[in-house]
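Working notes, structure below.
Atoms within each ligand, like the ligands themselves, are counted from 1 in listed order.
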Amino acid sequence: MNQRLNQLRKLMEQAKMDGVLVTGLTAIRYYSGFTSDEAALVITDKTAALITDFRYTIQAWEQSPDFQVVEWGKVSLLAQADKLFAADGCKRVGFENESMTVATFEKLKSFSYEWVPFSEELSKPRLIKTAEEIACLQRAQNMADEGFKTLLTRIGSGMTEKEVAAELDYIHAKIGSECPSFDTIVGSGPNGAMCHAVPGERRLQKGDLVVLDFGCVYNGYHSDMTRTFAVGEVDDFSKRIYDIVRTAQQKALDALKAGITGKELDAIARDYIASKGYGECFGHSLGHGFGLLIHESPFASTKSQWTLEPGMTITVEPGIYIEGKLGVRIEDCCVVTEEGYIDLVGSTKELLSVD
Ligand code: ZN
Ligand code: ZN
């Protein structure tokens, strides 16, 4: 954590700031290691304090040894932060403008500092993952792969989408995932056309394609993958759509390496899908970064200005969605390298089938 603190102090210096108030859970975790809410970090030249309340002080000592743990009891959390900034003579202080509520900001304005929006700077160091972070992401993804493999032996026609999601979440919890990366998406048959289908009462039927999008969490790090599988035998049309998506994904993966922009990467998959006549059926972005959050920078989309660098994460997830009929999406989560990428996902992309 010390290294991250040093990095943050450098960013503060560059922005000519005397302090930073960190209030978002993700940034608090990244810089201090502390994992609960009801906390804030006060960082100045001299001070690295974690403010929390009585319920969390023991946890704070254990998780954040580089920080002075300050309990806010009689005064509010923000009043306690004010005291610490004042004691160090701060004038310009950064705050998390992208995640703070208007109500909290109104309170901040009553303190006598120049408040400087600092969310973007704060999240910058998180863009490039360290070897340790990549190891956490890989462990999360390994659990996701293992759970998917087990799931396919336990499900089949007649089961509802809800039951499939519950079964997968249960398997993942049993093998050590802290929680699902996000609400597991199960879209069977025509429901697959809804990219973010909420699992419902529809029962899997022979001839369905099923879109399953899910992830595991290890040490706070989120994995993300999608596989589309068949129930029994599917028709030739379903197979053709599947092959188009699979080829589109492979083409994007083949081009993935440091130096490519998010826009260029997106266009490779998008242009291929369009060339097959399904351009209108791929309505979302190709991919996103992932880490302590399931969706974080960089992004690969038609508008993306990002240039990918070694150590960045990116998903590659093209899809085709045809209303009333079916959906297909295939997603791998990857780490960008100088020469290409590390695909964290081990599951096959052959069209698998359950009975
Ligand atoms: Zn996903
Ligand atoms: Zn994704």
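- Separation of the F182 and H222 ring centroids does not fall under the 6.0 Å cut-off.
- D254 and Q250 are linked by a side-chain donor-acceptor pair at a separation below 3.5 angstrom, with hydrogens and angles left out of the test.
- Between H172 and Y170, the distance from one ring center to the other does not fall under 6.0 angstrom.
- Checked against the Zn ion (ligand 1), the N, O or S atom of E331 at the shortest distance is OE1.
- When distances to the Zn ion (ligand 1) are checked against a cut-off of 2.8 Å, D224 contributes an N, O or S atom below that limit.
- The name of the N, O or S atom in D213 nearest to the Zn ion (ligand 1) is OD1.
- Classification of the F95-F105 ring pair by plane angle, with boundaries at 30° and 60°, yields parallel.
- H295 lies apart from the Zn ion (ligand 2) in this respect, since none of its N, O or S atoms is found at a distance under 2.8 Å.
- Two rings, from F67 and Y31, have their centers 6.0 Å or more apart.
- For the pair OE2 of E317 and NE2 of H288, the angle at the Zn ion (ligand 2) is about 90°; rounding is to 10 degrees.
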